[in-house]
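Here's the structure we're looking at; comments come further down.
Position 1 is the first residue of the sequence, and the numbers go up from there.
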Amino acid sequence: MAAAAPPPSPTPAPAVIREDLIPTAPQVFSRIRLATNADVPHIHKLIHQMAVFERLTHLFSATESSLSTTLFPENSPPPFTTFTVFLLEVSQNPFLPIDNQNCTNFSPIHKTINLDLPVSDAEAEMFKSGGNDAVVAGFVLFFPNYSSFLAKPGFYIEDIFVRECYRRKGFGRLLLSTVAAQAAKMGYGRVEWVVLDWNVNAIKFYEEMGAQILQEWRVCRLTGGALEAFANVNI
């Protein structure tokens with residue numbers, strides 16, 4: 001007589017997943033605000049790092065004093081009517097509210113960014129901003145220009161820069177979109193800037209966001225001795 005088949009193995013109980021044990025993606029809190037004269041030391045360091053990145057340190061002569069005098073002179077016009085700087089700050093903790101910095105036309109932009117990996121910022125102490133653990137991660141400097149074809153003002157971006165450890169995380173796009181949003185809010189016709197022809201990553205990034213790369217245009221510049229010499233022509 002054949003032996004009876006063994007009873008079936010009991011069905012294992014479903015695993016219980018504890019939500020507090022699920023790894024969570026690291027987050028960083030970001031804020032874009034109007035820069036002030038107190039931010040000049042950070043702005044100066046950022047511009048120097050940008051000059052290093054663009055291989056143009058031989059043209060860098062700005063000092064904290066000259067930046068302070070030209071960007072934030074006494075009785076300076078309101079933001080967006082002259083040279084304007086947006087500062088990008090990041091923190092591991094939410095930012096506390098700040099006032100509108102005496103500008104009724106702009107309020108600081110707050111955005112929480114989900115990261116793939118935590119950011120290791122070796123220069124955090126150098127770029128510490130205010131209290132808490134906030135650090136300066138980048139900036140954009142722009143000013144109004146004018147299009148006679150559109151019969152509208154616009155913004156020209158002179159500098160946009162994000163520190164190396166914070167790149168490829170959406171902060172450059174956030175800076176650009178903040179300038180674009182302000183231009184649209186003010187009824188301006190366009191935002192424009194230039195890009196170095198060897199910076200293929202930046203060119204691809206700008207094209208993906210919808211910017212036109214105007215190959216047929218060339219920047220013309222008089223500076224230094226050439227500017228001084230031409231200033232005296234026919235005078």
Side-chain angles (χ1 to χ4, degrees), residues 30-37 39-40 43 46-47 50-51 54 56 59 62 66-89 98-111 137-162 170-197 199-223 226-227 230-231:
S30 66
R31 176 173 70 186
I32 294 179
R33 63 170 175 83
L34 285 166
T36 69
N37 193 43
D39 299 307
V40 164
I43 296 171
L46 289 167
I47 295 174
M50 181 175 62
E54 294 181 344
L56 296 173
L59 300 178
S66 62
L67 287 172
S68 178
T69 300
T70 51
L71 291 179
F72 304 102
E74 291 187 24
N75 302 315
S76 178
F80 313 121
T81 63
T82 183
F83 314 121
T84 303
V85 178
F86 282 151
L87 212 61
L88 167 67
E89 298 172 311
I98 59 174
D99 60 29
N100 61 9
Q101 300 174 288
N102 298 320
C103 178
T104 59
N105 206 17
F106 178 79
S107 297
I109 304 297
H110 294 256
K111 188 177 179 70
F139 81 114
V140 57
L141 188 160
F142 58 102
F143 48 85
N145 61 4
Y146 186 80
S147 167
S148 57
F149 282 18
L150 298 176
K152 287 184 176 183
F155 283 141
Y156 179 79
I157 296 177
E158 175 67 19
D159 296 323
I160 181 168
F161 182 74
V162 175
F171 292 120
R173 184 183 298 272
L174 183 59
L175 281 167
L176 276 171
S177 66
T178 303
V179 177
Q182 188 64 32
K185 178 180 179 180
M186 297 174 68
Y188 284 11
R190 67 188 185 193
V191 175
E192 58 187 356
W193 62 96
V194 298
V195 59
L196 292 166
D197 59 2
N199 196 347
V200 293
N201 289 334
I203 292 172
K204 181 180 178 181
F205 166 68
Y206 296 145
E207 288 177 333
E208 288 176 348
M209 59 179 277
Q212 293 177 288
I213 309 297
L214 305 178
Q215 303 289 349
E216 67 273 22
W217 290 84
R218 296 291 184 270
V219 176
C220 302
R221 176 178 293 166
L222 280 172
T223 187
L227 174 63
F230 196 72

[X]: partners by side-chain contact (heavy atoms from CB on, under 4.5 Å), with sequence neighbours left out:
X    : value
F171 : V28, S30, L88, V90, I113, V162, Y166, K169
A181 : none
A51  : T57, F60
A211 : W193, Y206

Worksheet item: Partners of F161 by ring-ring contact (aromatic ring centres under 6.0 Å, His included), sequence neighbours excluded?
Response: none
Worksheet item: Partners of F143 by ring-ring contact (aromatic ring centres under 6.0 Å, His included), sequence neighbours excluded?
Response: F83, Y156
Quick one: [atom1] on [X] to [atom2] on [Y], what's the gap to the nearest 0.5 Å?
X    : Y    : atom1 : atom2 : value
E89  : R31  : CD    : CZ    : 4.5 Å
L141 : I160 : CG    : CD1   : 11.0 Å
L46  : D159 : CG    : CG    : 10.0 Å
I43  : M50  : CD1   : CE    : 11.0 Å
K152 : N145 : NZ    : CG    : 13.5 Å
I109 : K111 : CD1   : NZ    : 10.5 Å

If you define the side chain from C-beta out and look only at heavy atoms, does anything of [X] sit under 4.5 Å from [Y]?
X    : Y    : value
I203 : I213 : yes
V85  : L71  : yes
V191 : I157 : yes

Worksheet item: Restricting to pairs with a member in residues 206-218, which pass salt bridge (Lys or Arg N to Asp or Glu O under 4.0 Å), not counting sequence neighbours?
Response: none
Worksheet item: Between the main-chain N or O of A151 and the side-chain N or O of S148, is there a donor-acceptor pair closer than 3.5 Å?
Response: no
Worksheet entry | Donor-acceptor contact below 3.5 Å, side chain N199 vs main chain L196 | no
[X]: side-chain hydrogen bond (donor to acceptor under 3.5 Å, both in side chains) partners, not counting sequence neighbours:
X    : answer
N105 : none
S66  : T63
T84  : none

Worksheet item: Should I47 and F139 be marked as a side chain to side chain contact (heavy atoms under 4.5 Å, CB included) after you check the CA-CA gap, both sets of side-chain angles, and the distance that decides it?
Response: CA-CA 9 Å; I47 295 174; F139 81 114; 3.7 Å; yes
Practice prompt. Give me the ring orientation class for F86 and F80: parallel if the planes are under 30° apart, tilted from 30 to 60°, perpendicular past 60°.
Written response: perpendicular
Discussion item. Would F142 and E158 count as a side chain to side chain contact (heavy atoms under 4.5 Å, CB included) here? Give the steps.
Written reply: CA-CA 5 Å; F142 58 102; E158 175 67 19; over 6 Å; no
Which atom names give the shortest non-hydrogen contact between [X] and [Y], and what distance separates them?
X   : Y   : result
F72 : A35 : CE2-O, 3.5 Å
S76 : T82 : OG-CG2, 4.2 Å
L34 : P79 : CD1-CG, 4.0 Å

Practice prompt. Could you list the residues that satisfy salt bridge (Lys or Arg N to Asp or Glu O under 4.0 Å) with E192, not counting sequence neighbours?
Written response: R190
Worksheet item: For K185, does the NZ atom have more than 12 heavy-atom neighbours from other residues, nucleotides or ligands under 6.0 Å away?
Response: yes
If you look only at distance, which donor and acceptor atoms sit under 3.5 Å apart when one is on a side chain in residues 173-180 and the other is two or more places apart or in another chain?
| from | atom 1 | to | atom 2 | distance (Å) |
| --- | --- | --- | --- | --- |
| S177 | OG | R173 | O | 3.1 |
| S177 | OG | L174 | O | 3.0 |
| T178 | OG1 | L174 | O | 2.7 |

